[in-house]
Amino acid sequence: MGTMVPDTRNFDAILGAIANEVTPLFGEGNVASYIPALARIAPDQFGIALRTADGREYAAGSARTPFSIQSISKVFTLSLAMQQVGESLWDRIGREPSGDPYNSLVQLEREQGVPRNPFINAGAIAVADRLVTRFSDPKREVLRFVSELCDQEVSYDEEVAASEARTGFRNIALANFIKSFGKLDNPVEQVLDLYFHQCALSLSCLQLARACTYLCQDGRNSLRGEQVLSDRQARRVNALMLTCGTYDAAGEFAFRIGMPSKSGVGGGIIAVLPDRLSLCVWSPGLGSSGNSIAGMRALELFVEKTRLSVF
Ligand code: DON
């Protein structure tokens, strides 16, 4: 068990300074136009929120604006599956970084339908399959789980979910590919319906910083005083976030930032410092690996200004 380290830094001033310093980056990158409902998001937005292990919260910019959390949801569905399914979850999902883009199909052919890790799309689809088996209404269970994590009712953006279902050709291919190896138990449509909805969850930076408290407090959600995962499971989620959470940029993230992180093509990134704090940044402009450019810079500035990192 880690010991909680109270932090007396002036996070208000630090987050405010970061919000100012990233504004020149607003024109850079592209919003995720392959999902039509995300293509119209104004790129010049930025939010940052932080929650310390002792329950203090800080925010700057548009920290209360809900956005599409996209692949950040993979952390929550993985956690729910770890809680509900146990070790057999890993029978069909690896734990190695892929070094490939998040929606790549190539490894899946070579590795017989076993996705490299739970954070690439193929891996998250395999996790969704286990949740579809476990629950009669998996969408409702995921919504309940995430709402409890941030201690506030959250919802799916049905327009984003429908938009992705219409244009998610690579995900449809990935799910069919896994199925062709006999490694998806449920119908492709049912599994993808959950996957497209989890990606379409709408949360703000502040809600996401809250939702991640269990990852910096040995598996315990301090908002509700509930044990979400065991401390060992929470450490494992953090290990996977560090090695696989930002896809083919995971090495660069560890090098420049040094915090377990998970990104989404909505422009959000969550980051965790075990025993200290959880953090979320958001800005819609994405670099080539699908990670927010201003968000990544904001995390880098945070580490520079606070000297906090897992290393
Ligand atoms: O499946 C997709 O392509 C999107 N719903 C999620 C991808 C994503 O967020 C990758 N993250 N950076």
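In each ligand, atom 1 is the first atom listed, and ligand 1 is the first ligand listed.
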Exercise for the section: Before signing off on this row, confirm whether Y34 and ligand 1 have an N or O atom pair separated by under 3.5 Å. Expected result: yes
Problem - E87 with R232: basic N within carboxylate O range, under 4.0 Å - result: no
Practice task
Please work out whether any backbone atom (N, CA, C, O) or any side-chain heavy atom from C-beta onward of E164 is under 4.0 Å from ligand 1, and answer side chain, backbone, both or neither.
Solution key: side chain
Practice task
Under 4.0 Å, heavy atoms only, figure out whether ligand 1 is touched by the backbone of V265, its side chain, both or neither.
Solution key: both
Problem - Electrostatic pair K139-D137, nearest N-O below 4.0 angstrom - result: no
Practice task
Spell out, as yes or no, whether a donor-acceptor pair under 3.5 Å connects the side chain of W282 to the backbone of S62.
Solution key: no
Fill in the blank from the handout: The atoms of ligand 1 lying under 4.0 Å from a heavy atom of Q70, numbered in the order shown, are 4 (C), 5 (N), 6 (C), 9 (O)
Problem - Polar contact flag for G290 and ligand 1 (N/O pairs, less than 3.5 Å) - result: yes
Exercise for the section: Return yes when F196 approaches ligand 1 closer than 4.0 angstrom through a heavy atom, no otherwise. Expected result: no
Exercise for the section: Taking N221 for its side chain and Y214 for its backbone only, find out whether a donor-acceptor pair lies under 3.5 Å. Expected result: no
Practice task
Would you mind checking if E226 and R220 are paired as a salt bridge, meaning a charged N to carboxylate O distance below 4.0 Å?
Solution key: no
Completion exercise
Hits for ring-ring contact (aromatic ring centres under 6.0 Å, His included) against F253, two or more places apart or cross-chain, chain-then-number order -> none
Completion exercise
Per-atom filter on ligand 1: closer than 4.0 angstrom to a heavy atom of C199 are 5 (N)
Exercise for the section: Answer whether the closest heavy-atom distance between the side chains of Y195 and V127 falls below 4.5 Å. Expected result: no
Problem - Electrostatic pair E57:R210 at N-O distance under 4.0 angstrom - result: yes
Handout entry: Residue part near ligand 1, for N103, under 4.0 Å between non-hydrogen atoms
Key = neither
Practice task
Ignoring hydrogens, just give me the one of A200, A249, S71 whose non-hydrogen atom is nearest atom 6 (C) of ligand 1.
Solution key: S71
Handout entry: Interfacing atoms of ligand 1 (cut-off 4.0 Å, heavy-atom, Y102)
Key = 3 (O), 7 (C), 10 (C)
Problem - ligand 1 to Y195 polar contact by distance, N or O atoms, under 3.5 Å - result: yes
Fill in the blank from the handout: ligand 1 to N171, heavy atom cutoff 4.0 Å, flagged ligand atoms 1 (O), 2 (C), 3 (O)
